[in-house]
J.: 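The structure under discussion is supplied below as structure tokens; questions concerning it will follow.
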Amino acid sequence: MIHLTEKAAKKIEEISNSEGIGHNIIRVKVVGGGCAGFSYDLFFDDQSSPLDEVSELDGVKIIADPLSFQYLDEMVVDYVEGPINSGFKFSNPNVKSTCGCGSSFST
């Protein structure tokens with residue numbers, strides 16, 4: 001299961017409403033790239049497959065394809081705000097190492 005914090009769920013709903021997207025369904029994917037081998041991709045997606053893993057919190061669904069889910073199980077998606085930058089933060093217990101900037105990982 002992929003977990004979503006209340007703060008992340010509220011931010012997803014806020015973005016959906018302000019951009020006129022019309023739904024609160026987010027897909028999380030693992031894609032090849034970055035200096036450590038893998039990186040995350042997070043985007044609105046209203047198309048799902050019967051094979052997708054689905055989690056839900058406060059009316060926001062987060063979906064992942066089976067290949068990505070093997071790297072994402074028990075991950076927590078949060079939203080953080082700071083003085084320099086803000087964004088979604090991924091806390092993934094499956095990660096063995098990250099690159100220096102933290103934008104990619106390896107398992």
Side-chain angles (χ1 to χ4, degrees):
M1 174 180 264
I2 299 171
H3 305 279
L4 192 64
T5 66
E6 187 175 327
K7 192 170 186 178
K10 285 181 182 177
K11 189 62 176 182
I12 290 165
E13 185 175 3
E14 176 186 315
I15 293 168
S16 177
N17 290 337
S18 70
E19 298 290 325
I21 293 170
H23 64 83
N24 296 331
I25 304 169
I26 293 291
R27 180 172 294 279
V28 179
K29 290 184 85 167
V30 171
V31 293
C35 51
F38 296 109
S39 60
Y40 301 108
D41 193 10
L42 177 81
F43 56 93
F44 287 94
D45 187 1
D46 61 354
Q47 302 296 315
S48 64
S49 158
L51 299 176
D52 285 338
E53 294 288 334
V54 180
S55 303
E56 189 168 353
L57 175 72
D58 294 337
V60 175
K61 284 186 182 177
I62 189 162
I63 56 179
D65 63 85
L67 184 61
S68 294
F69 185 73
Q70 67 182 331
Y71 300 106
L72 303 175
D73 192 21
E74 295 304 319
M75 180 177 77
V76 176
V77 179
D78 193 9
Y79 186 79
V80 294
E81 296 182 62
I84 297 175
N85 56 7
S86 301
F88 291 97
K89 178 183 175 190
F90 305 94
S91 298
N92 189 341
N94 303 302
V95 169
K96 301 243 187 306
S97 65
T98 60
C99 67
C101 67
S103 65
S104 64
F105 67 95
S106 65
T107 59

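Only a predicted model underlies this, so the values are computations on that prediction, with no experimental measurement involved.
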J.: Using a 3.5 Å distance criterion without hydrogens, assess whether the side chain of Asp45 forms a donor-acceptor pair with backbone atoms of Ile26.
T.: no
J.: Heavy atoms, side chains only, cut-off 4.5 Å: are Ile62 and Val54 in contact?
T.: no
J.: Counting only heavy atoms not in Glu6, do more than 12 sit closer than 6.0 Å to its CD atom?
T.: no
J.: Report yes or no: does Arg27 contribute a side-chain atom to a donor-acceptor pair with the main-chain N or O of Gln47 at less than 3.5 Å?
T.: yes
J.: Determine yes or no for a side-chain-to-main-chain donor-acceptor pair under 3.5 angstrom, with Ser16 supplying the side chain and His23 the backbone.
T.: yes
J.: Are the side chain of Ser55 and the backbone of Met1 linked by a donor-acceptor contact shorter than 3.5 Å?
T.: no
J.: If I compare all heavy atoms of Asp46 with all of Ile25, which pair ends up nearest, and what's the gap?
T.: CA-CD1, 4.3 Å
J.: If we only count heavy atoms from C-beta on, is the Leu72 to Glu53 side-chain gap below 4.5 Å?
T.: no
J.: Enumerate donor-acceptor pairs with a distance under 3.5 Å from any side-chain N or O in residues 63-70 to protein atoms, sequence neighbours excluded.
T.:
{"unit_1": "Asp65", "atom_1": "OD1", "unit_2": "Leu67", "atom_2": "N", "d": "3.1"}
{"unit_1": "Asp65", "atom_1": "OD1", "unit_2": "Ser68", "atom_2": "N", "d": "2.8"}
{"unit_1": "Asp65", "atom_1": "OD1", "unit_2": "Ser68", "atom_2": "OG", "d": "3.4"}
{"unit_1": "Asp65", "atom_1": "OD2", "unit_2": "Ser68", "atom_2": "OG", "d": "2.9"}
{"unit_1": "Ser68", "atom_1": "OG", "unit_2": "Val30", "atom_2": "N", "d": "3.0"}
{"unit_1": "Gln70", "atom_1": "NE2", "unit_2": "Leu67", "atom_2": "O", "d": "3.2"}

J.: Between CG of Leu42 and CZ of Phe88, what distance do you get to the nearest 0.5 Å?
T.: 6.0 Å
J.: Is there a side-chain contact between Lys61 and Asn24 in this structure, where contact means two heavy atoms from C-beta onward sitting under 4.5 Å apart?
T.: no
J.: With side chains defined as the heavy atoms from C-beta onward, is the minimum distance between Glu74 and His3 less than 4.5 Å?
T.: yes
J.: For the residue pair Tyr40 and Asn92, establish whether any side-chain heavy-atom pair is separated by less than 4.5 Å.
T.: yes
J.: Any side-chain heavy atom of Tyr79 sitting closer than 4.5 Å to one from Ile12?
T.: no
J.: Atom NZ of residue position Lys11 - does it have more than 12 heavy atoms of other residues, nucleotides or ligands inside 6.0 Å?
T.: yes
